[in-house]
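Since the structure is predicted, the reported quantities are computational estimates derived from the model, not experimental observations. Counting convention: from 1, in listed order, for ligands and their atoms alike. One is the number of the first residue; the rest follow in order along the sequence.
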Amino acid sequence: MRVIKKIKDMKVLSESIRRSGESIGFVPTMGALHKGHLSLIERARRETEHVVISIFVNPLQFSPGEDYRRYPRPFQKDMGLAEGAGVDIVFCPSRREMFRNTPLTSINVEKLCESLCGPFRPGHFQGVTIVVAKLFNIVRPSVAYFGQKDYQQAIIIKRMVSDLSFDIKIRVLPTIREKDGLAISSRNTYLRPAEREKAPCLYRGLCAGKRALDKGERDPKEIKKTIAREIKAVGVTPEYISIVDTKTLQDLPKIETCAVLAVAAKIGSARLIDNLIWRDNRNV
Ligand code: PAF
């Protein structure tokens with residue numbers, strides 16, 4: 001496994017791989033690798049010839065007061081996990097290497113940034129799009145892999161790739177969960193034991209919403225109430241509960257054949273998000 005810290009070196013390497021006609025599968029990460037990342041790496045290994053991951057805690061996607069400073073950075077452990085998972089190249093630039101100057105360019109994927117987490121994390125998705133676009137230009141992947149847990153992020157990146165004609169396929173793979181349903185996330189490490197016990201309430205709420213839809217309920221207000229009941233039952237206050245269109249991410253006034261059920265909540269000092277996609281199987 002090669003560990004590359006300089007943009008110039010990564011560009012030379014990706015250029016030589018591409019020139020030899022071989023494909024690059026790319027998993028961008030902020031490190032603190034977990035089973036979710038490993039599932040993306042595994043798929044990249046199956047589908048592409050060279051697997052590159054990036055490890056970079058991107059300051060531009062954290063708002064003031066968020067957890068940039070304390071975001072976990074277990075570098076040696078990550079190296080072991082990446083090596084064990086069969087990663088070929090780890091690109092891990094320093095903050096100075098990536099953003100010597102704060103970028104004056106911004107990529108605003110309008111509308112898609114405005115719902116769900118958008119209002120609660122101003123500037124977050126612009127921070128994500130600029131770093132991902134920059135990483136795409138450095139790593140030059142054929143395929144890039146993202147998790148469904150960050151559904152809004154994945155849809156925004158897909159749209160950016162299409163709007164800016166990046167020659168990259170975006171794969172969005174299922175959320176990996178703990179046994180009790182909690183979506184695996186690097187931020188779960190912030191949870192104290194009592195908070196960890198409460199945390200699966202997000203998934204329980206989403207499942208309750210999905211069951212109500214399966215039984216025929218179609219009023220988003222009722223579904224939201226069902227989800228909220230499960231979450232509030234353990235004393236957690238949701239930041240939002242939304243039922244949105246799978247492509248536009250706009251709130252659905254009425255649920256028809258499919259929808260994303262999405263929630264966010266702060267539990268202790270961890271801001272957690274989760275979602276499920278519901279499809280009406282009766283139409284299949
Ligand atoms: O999902 C993440 O870990 C980050 O948002 C990403 C895509 C690596 C960009 O910093």
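By the 4.0 Å N-to-carboxylate-O rule, R204 lies too far from D274 to be salt-bridged with it.
Alongside I184, the hydrophobic cluster contains I176 (criterion: ILVMFWY side chains under 4.5 Å).
Side-chain N or O atoms of D219 include one that pairs as donor or acceptor with a backbone N or O of K221 at under 3.5 Å.
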For ligand 1, which of its N or O atoms have a protein N or O partner closer than 3.5 Å, and how long is each gap?
| residue | atom | partner | partner atom | Å |
| --- | --- | --- | --- | --- |
| ligand 1 | 1 (O) | Q153 | NE2 | 2.9 |
| ligand 1 | 5 (O) | Q61 | NE2 | 2.9 |
| ligand 1 | 5 (O) | Q153 | OE1 | 2.7 |
| ligand 1 | 10 (O) | Q61 | OE1 | 2.6 |

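Listed by first and then second residue, the salt bridge (charged side-chain N to carboxylate O under 4.0 Å, His left out) pairs involving residues 118-141 are E15-R140, E66-R121 (not counting sequence neighbours).
Taking the six-membered ring where the residue is Trp, F56 and F99 present tilted rings, their angle falling between 30° and 60°.
A search for side chain to side chain donor-acceptor pair (under 3.5 Å) contacts involving E239 returns R271, not counting sequence neighbours.
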